[in-house]
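Right, one structure below, let's go through it.
Heavy-atom basis, side chains included; hydrogens, waters and symmetry copies ignored. Chain letters run A, B, ... following the sequence lines, proteins first, then strands; residues in each count from 1.
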Amino acid sequence: SEAYMPVSAGLGSEENFLSLEDIIMSHEKLPCRLEMTLPRLGFLDKSGESDSIPEGTKMELPLWLAKGLYDKKRKIVSVELPKIYKEGWRTVFNADANVVDLHRLGPYYYSFGCQLLNFDSPENPEIAQTLLQTFVGRFRRIMDSSQNAYNEDTSGLVSRLDELERILFHAGQKGLNEFQRWEKGQ
Amino acid sequence: MFCEKAIELIRELHRSGDGSLPAFNEDGVRQVLEEMKALYEQNQTDVHEAKSDGRSDLIPTITFRHCCLLRNRRCIVSYLYDRLLRIRALRWEYGSVLPSALRFQMSADEMVWFNQYKKSLATYMRSLGGDEGLDVTQDLTPPKS
Amino acid sequence: ANTETYLKNVALKHMPPNLQTVDFLKSVPK
């Protein structure tokens, strides 16, 4: 319905507390390494033999938990980069971002990528640059396809888009449909 | 893992992204609140032990559980708040008397909120346009002419 | 006030005491 205005996702490395989008995005997993033992939480670890999760354990934690445990002073966890934000993939994105299926690799490639800037990795500047370049590199094609797909099935056009790009595509489609209706005096 | 029930509530709501109102998941909300109670009690025990027996090695675990408590709170509150945004939209789409099918989707507390919202809106509309007031929920799109 | 009262009654008062604030409502974009 037109009148329903959900709380939008936060911008950049911010999250909006009440945004459903941000809550679901922040559930995406991140490779982490425990820098301290976690007593009495052994049942959470796959092996689950001992009563605690030992220091040095590598585990995939949801972003919201990694952010909560990542404290510059008392570092309970250290965070590694997911592979699609590492140099190898950054080279692919910088070569030609249009060939990448961002839905399969994401689907929160941009918003999750911005969240990684909360962890002080030395590669942050390169990550930020690649996020921006990728968006710019793909924007043109998204805008053109959303402006030219009138009254046709668009699932093929959005299947390789990340969530942010899909919202952009649908905004373009909304504008196109409203314009067409206006032209017909509807 | 903790907070799985909580994210399920959010996903269920997010799936009806067009603003439609699914049934209120009373059981889901109760389960999340129960998990929060258990997490809090475990943390209270560990905090007591960390203080009285000097078990500072328990602090990372206490932090872990507190992150889960904050996460559960965020999911519950966002679930309830987003539903209020959908219910508020119903007043503008359907007027002040909702179809019974929609009323059945709302909890008793949501109905109380909705009635209060209607009163606030009516008070506001009476304050507009002189004595007769002005119904701002009408003519949301330009007339055909 | 209506929304704060609702959230307190339905959820916050059933949560651990240190989590019963509603300050996050201020963060909602206008």
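One finds the CG atom of A:D22 at 9.5 Å from the OG atom of B:S78 (value rounded to the nearest 0.5 Å). Note that the CG atom of A:L18 and the SG atom of B:C75 stand 11.0 Å from one another [nearest 0.5 Å]. Here A:L41 contributes atom CG and B:M1 contributes atom CE; the two are 9.0 Å apart, rounded to the nearest 0.5 Å. Distance CG/B:D57 to CG/A:L38: 10.5 Å, rounded to 0.5 Å. One finds the NE2 atom of B:H14 at 4.5 Å from the CD1 atom of A:I24 (value rounded to the nearest 0.5 Å).
Only the side chain of A:M36 comes within less than 4.5 Å of a heavy atom of chain B; its backbone N, CA, C and O stay farther away. Interface remark: B:E8 contributes no atoms to any contact with chain A (heavy atom separation under 4.5 Å). With a 4.5 Å cut-off on non-hydrogen atoms, B:I7 touches chain A through its side chain but not through its backbone.
Counting only heavy atoms from C-beta outward, the side chains of A:I76 and B:F64 never approach each other to under 4.5 Å. Annotation: side chain of A:L44 is in contact with side chain of B:F2 (closest heavy-atom distance under 4.5 Å).
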- Query: Hey, mind stepping through A:I23 and B:R74 against side-chain contact (heavy atoms from CB on, under 4.5 Å) and telling me if it holds?
  - Reply: CA-CA 8 Å; A:I23 290 173; B:R74 180 180 182 187; 3.5 Å; yes
- Might you work through the side-chain contact (heavy atoms from CB on, under 4.5 Å) test for A:W64 and B:L70, ending with a clear yes or no? CA-CA 10 Å; A:W64 60 266; B:L70 294 174; over 6 Å; no
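Not counting sequence neighbours, the partners of A:Y70 by the ring-ring contact (aromatic ring centres under 6.0 Å, His included) test are A:F119. The side-chain hydrogen bond (donor to acceptor under 3.5 Å, both in side chains) check on A:R40 picks up B:D46, B:E49, with sequence neighbours excluded.
If you tally non-hydrogen atom pairs under 4.5 Å between each of A:T37, A:V77, A:L69, A:L34 and chain B, the highest count goes to A:L69. For the set B:R71, B:R11, B:E93, the count of heavy-atom pairs under 4.5 angstrom toward chain A peaks at B:R71. Chain B forms the most heavy-atom pairs under 4.5 Å with one residue out of A:S26, A:S19, A:G185, A:S52, and that residue is A:S26. Looking only at heavy-atom pairs under 4.5 Å with chain A, the residue among B:A6, B:P60, B:S20 that has the most is B:P60. Top candidate by heavy-atom pairs under 4.5 Å with chain A, chosen from B:L58, B:L140, B:D18, B:V77, is B:L58.
Under a cut-off of 6.0 angstrom, the local environment of CZ in B:R103 is crowded, with over 12 non-hydrogen atoms contributed by other residues, nucleotides or ligands. No more than 12 heavy atoms of other residues, nucleotides or ligands shown are found within 6.0 angstrom of NE2 on B:H48. Heavy atoms of other residues, nucleotides or ligands lying less than 6.0 angstrom from OH of A:Y150 number more than 12. Counting heavy atoms of neighbouring residues, nucleotides and ligands inside a 6.0 Å radius, atom NZ of A:K58 does not exceed 12 of them. Residue B:E26 qualifies as open at atom CD: its count of foreign heavy atoms under 6.0 Å is 12 or below. Summarising the local packing, NZ of A:K174 is surrounded by 12 or fewer heavy atoms from other residues, nucleotides or ligands at distances under 6.0 Å. The number of heavy-atom neighbours closer than 6.0 Å to CD of A:Q180, taken from other residues, nucleotides and ligands shown, is above 12.
Contact annotation for residues 81-91 of chain B against chain A (heavy-atom separation below 4.5 Å, listed by residue number): B:Y81, B:D82, B:L85, B:R86, B:R88, B:A89.
For the ring-ring contact (aromatic ring centres under 6.0 Å, His included) condition, the pairs that include at least one residue of residues 78-110 of chain A, sequence neighbours left out, are A:Y85-A:Y109, A:W89-A:F93, A:F93-A:Y109, A:Y110-A:F135.
Scanning both residues, B:G19 and A:Y4, for their nearest heavy atoms gives CA-CD2, 3.2 Å. When every heavy atom of A:P39 is checked against every heavy atom of B:T61, the shortest pair comes out as O-OG1, 2.7 Å.
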